[in-house]
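Report on the structure given below.
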2 protein chains.
Amino acid sequence: MNKVGIKEIAAKANVSTATVSYVLNGTRNVRPKTRERVVKVIEELNYRPNDIAKSLKSRRTNTIGVIAEDVTVFNVPEIIDGINEFADKHDLHIILTNLRLHRRVGHNYSNVDAYRKYAESAVSDLLSKQVEGIIYIGVHPRDVTGLINTYGKPIVYTYCYTDQNVSIQYNDEQASFDAMQYLVKQGHKRIAIISGLMDSTPSRLRFNGYYKAVTEFQLPFNPQYIKIGDWGLDSGYRLTKELLTLSEPPTAVLVMNDVMAVGTLRAADECGCQIPRDLSVVGFDNREFSDYLNPRITTMDLPLHEMGYSSMSMLTGLINEKEVKQEEQPLCRLLERESVAPPRQE
Amino acid sequence: MNKVGIKEIAAKANVSTATVSYVLNGTRNVRPKTRERVVKVIEELNYRPNDIAKSLKSRRTNTIGVIAEDVTVFNVPEIIDGINEFADKHDLHIILTNLRLHRRVGHNYSNVDAYRKYAESAVSDLLSKQVEGIIYIGVHPRDVTGLINTYGKPIVYTYCYTDQNVSIQYNDEQASFDAMQYLVKQGHKRIAIISGLMDSTPSRLRFNGYYKAVTEFQLPFNPQYIKIGDWGLDSGYRLTKELLTLSEPPTAVLVMNDVMAVGTLRAADECGCQIPRDLSVVGFDNREFSDYLNPRITTMDLPLHEMGYSSMSMLTGLINEKEVKQEEQPLCRLLERESVAPPRQE
DNA sequence: CTGTTAGCGCGTTCAG
DNA sequence: CTGAACGCGCTAACAG
């Protein structure tokens with residue numbers, strides 16, 4: 001296998017191992033003639049330096065540990081892609097640990113103790129592997145303070161946060177406000193909201209954005225327009241039906257994720273309510289299918305790639321002990337498609 | 001940082017470094033009293049052995065390199081999850097390299113030279129990192145012979161293949177045959193097919209399965225029932241319209257992916273053709289959205305997780321130089337949902 | 001059986 | 001340009 005080492009090269013080229021090392025790294029001048037001889041042998045034997053040995057001496061591994069709570073969740077691959085882009089540019093490698101939380105503990109994230117052992121062993125393994133820093137990717141934005149201890153090794157959280165560490169999160173409140181502003185600009189006033197579970201951070205923040213818009217644009221505030229769902233398709237369906245049967249139904253609805261928006265479409269269809277003519281819909285997440293529905297739904301695209309990239313940028317800052325200041329939160333972007341129109345004249 | 005090493009432990013516990021090592025690894029008997037003393041110091045200092053140093057001596061890294069052509073493609077995360085499950089069970093670590101092919105070279109996979117440099121550098125880096133084997137995950141099943149050279153290091157391909165190496169692929173032909181058999185059992189005879197591009201391996205294999213079923217079940221073979229799409233929604237839409245305007249339209253259609261099946265649904269809707277009453281539809285891939293459509297479409301689920309798991313199992317076999325025999329191809333599984341019904345009596 | 005000493009793995013790098 | 005120490009943990013050989 002890869003048995004050829006620096007000393008074979010040295011022997012075959014009639015030089016010392018030191019010289020070979022200098023040639024490999026350009027660390028010092030070597031007489032061109034000697035260098036050529038060495039280079040030739042290196043190529044002939046297809047020599048490849050052993051990073052393990054290298055790391056031992058240099059105390060640098062150029063490796064970042066990435067802990068993903070679950071890679072099969074829709075937002076994670078794109079975050080990883082952003083991490084990879086940064087890693088490529090800066091010659092860093094990624095050791096990926098997948099906690100597989102969905103399969104192991106279901107949706108019971110609130111019970112941190114159920115998976116602390118997995119997280120801790122992941123961290124421990126990564127520290128043993130001498131990673132230079134860690135990125136922790138949650139499956140759902142929430143507080144994970146106290147979940148793990150990296151013993152001083154830099155860590156950046158994304159898609160979740162702690163009260164002590166750097167974390168990268170998109171601006172949820174702004175996103176929801178932007179969506180509302182867009183609807184208002186289209187002429188809507190009676191705007192309903194279907195939220196996710198209210199014990200979740202994104203729900204709270206998005207509701208803040210909604211409320212802020214209601215205040216700022218002086219929209220009618222009608223508690224009947226506020227519906228609390230559970231992120232699932234069925235809740236979107238049920239709550240939309242409730243909205244449509246109000247004596248004064250809304251002309252638009254902001255739905256906090258695309259999955260519930262599917263329920264909204266279905267409910268509207270059954271009620272003979274045409275989207276967007278009779279009801280405008282804005283979703284959240286830009287799930288792939290949101291572009292395959294009929295009508296294609298207008299939705300907020302999450303800056304996932306950017307979050308991954310920023311996490312790495314932040315992390316490398318911490319590793320080099322530069323002072324890092326928490327950056328601006330990445331922003332969501334509204335994707336205008338077919339599910340929004342001006343309200344009908346009454 | 002993690003400066004504490006085995007010798008500090010040894011010093012603080014008044015033993016030699018050898019003893020500490022024995023305690024850590026249970027490699028030899030140590031008097032309980034001594035052991036306790038050592039263990040206590042280890043815990044106090046929160047000592048964690050340096051895997052880098054360990055690997056240098058043992059020449060084992062317990063690390064597998066995974067090269068994914070693109071982690072953002074729908075099938076890849078689930079394959080990685082399967083890899084992780086195996087890795088967890090066997091105490092292996094994963095170094096992930098994401099080639100980011102979509103972003104870098106678009107869909108132009110046939111031009112291998114456009115991305116060979118990325119693949120080669122990925123392999124080279126992984127070899128330097130002393131991985132014990134490599135798994136290469138394609139984005140689309142195809143022949144990648146000659147793309148890379150691992151210089152004898154074991155490699156397993158999945159979701160693509162070469163003419164020399166072990167590869168894990170699901171049984172595409174069987175899947176398509178099974179889908180047909182299911183339709184036949186429901187009473188269908190006039191069954192159309194909308195394929196993907198015909199230069200792709202899955203298209204060919206799936207067509208084989210279709211053809212085999214036509215022969216075996218003695219179905220009417222009508223060339224007008226054979227439509228060649230391009231995997232995109234629009235082609236599914238257009239070709240379905242063509243099918244529906246035939247003088248003798250099919251009662252069922254096998255669509256080679258769920259994306260085109262969305263087009264089928266849309267076309268049917270526009271033609272006043274009710275699914276499944278007037279036309280049964282079977283899709284392929286079990287994309288997440290296939291469960292959100294109306295009707296929810298019956299589709300073939302790909303054994304992605306299993307493919308990842310098998311790849312690892314195969315790879316560890318190769319690493320331990322056991323003879324590995326190419327296993328049975330993992331099978332797809334039909335997910336019965338709402339888009340298939342018996343044909344109407346005429 | 002328990003504990004110690006010392007050399008090794010593979011490159012890097014300083015003194016010569 | 002070379003010799004040799006070094007990083008950190010493992011382990012063979014040896015001692016009590």
Check: Which nucleotide sits closest to the side chain of S21(A): dT4(C), dT13(C), dC10(C)?
Finding: dT13(C)
Check: Are side-chain heavy atoms of C160(B) and H140(B) found at a separation under 4.5 Å?
Finding: no
Item checked: R60(B) CZ to dC10(D) P, straight-line distance once rounded to whole Å -> 15 Å
Check: For DNA chain C, what residues of residues 31-40 of chain B have any heavy atom nearer than 4.0 Å?
Finding: R31(B), T34(B)
Next item on the list: Would you give the length of the straight line joining atom CG of L99(A) to atom CD1 of I67(A), rounded to the nearest 0.5 angstrom?
Entry: 6.5 Å
Margin query: Using the ring centroid of each side chain, check whether F86(A) and H90(A) are separated by less than 6.0 Å.
Written below: yes
Note to self: So, OP1 or OP2 of dT12(C): does either fall under 4.0 Å of a side-chain N or O from S58(A)?
What the structure shows: no
Next item on the list: Report yes or no: is the cationic atom of R104(A) (NZ for Lys, CZ for Arg) under 6.0 Å from the centre of the six-membered ring of Y115(A), at an angle within 45° of the ring normal?
Entry: no
Notebook entry, point to check: Would you call the rings of Y157(A) and Y136(A) parallel, tilted or perpendicular, where under 30° means parallel and over 60° means perpendicular?
Noted result: tilted
Item checked: Spacing of N62(B) atom CG relative to dG9(D) atom C1', expressed in whole Å -> 15 Å
Notebook entry, point to check: Heavy atoms under 4.0 Å, any strand shown: does D51(A) hit a base, just sugar-phosphate, or nothing?
Noted result: nothing
Next item on the list: Could you tell me the separation between the CD atom of E8(B) and the C1' atom of dG7(D), rounded to a whole number of Å?
Entry: 13 Å
Next item on the list: Ignoring backbone atoms, establish whether Y47(A) has a side-chain N or O less than 4.0 Å from OP1 or OP2 of dC10(C).
Entry: no
Notebook entry, point to check: Would S55(B) and R60(B) count as having a side-chain donor-acceptor pair, cut-off 3.5 Å?
Noted result: no
Check: Base, sugar-phosphate alone, or nothing: which one does K54(B) contact when heavy atoms must sit under 4.0 Å apart?
Finding: sugar-phosphate
Margin query: So D81(A) and R103(B), do their side chains get closer than 4.5 Å, heavy atoms only?
Written below: yes
Check: In whole angstroms, how far is the P atom of dG9(C) from the CG atom of N50(B)?
Finding: 18 Å
Next item on the list: Would you please name every residue forming a side chain to side chain donor-acceptor pair (under 3.5 Å) with N84(A), sequence neighbours left out?
Entry: none
Check: Quick one: I6(B) CD1 to dG9(D) P, roughly how many Å, whole number?
Finding: 6 Å
Margin query: Quick check: closest heavy atoms across L318(B) and I155(B), and the distance to 0.1 Å?
Written below: CD1-O, 4.0 Å
Notebook entry, point to check: To the nearest Å, how far apart are L56(A) CG and dG9(D) P?
Noted result: 9 Å
Next item on the list: Return the value, rounded to whole Å, for the distance between atom CG of L24(A) and atom P of dC10(C).
Entry: 15 Å
Next item on the list: Output the single nucleotide from dG7(D), dT2(D), dT4(C) whose closest atom is nearest the side chain of A18(A).
Entry: dT2(D)
Checklist line | Below 4.0 Å: OP1/OP2 of dC10(D) and any side-chain N or O of N25(B) | finding: yes
Polar atoms only, N or O, under 3.5 Å: list the protein pairs with nucleotides 13-16 of chain D and their distances.
| residue | atom | partner | partner atom | Å |
| --- | --- | --- | --- | --- |
| dA13(D) | N6 | R28(B) | NH1 | 3.3 |

Check: CG of L304(B) to CD of E306(B): how many Å apart, nearest 0.5 Å?
Finding: 10.0 Å
Check: Nearest to the side chain of V30(B), which nucleotide is it out of dT12(C), dG3(C), dT5(C)?
Finding: dG3(C)
Notebook entry, point to check: How would you label the contact of V20(B) with the nucleic acid (heavy atoms, under 4.0 Å): base, sugar-phosphate, or nothing?
Noted result: nothing
Notebook entry, point to check: How close or far is atom P of dT4(C) from atom CG of N14(B), stated in whole angstroms?
Noted result: 9 Å
Next item on the list: Can you figure out which of dT4(C), dA4(D), dC10(D) approaches the side chain of T17(B) most closely?
Entry: dC10(D)
Notebook entry, point to check: Are T19(B) and dT4(C) close enough that a side-chain N or O sits under 4.0 Å from OP1 or OP2?
Noted result: yes
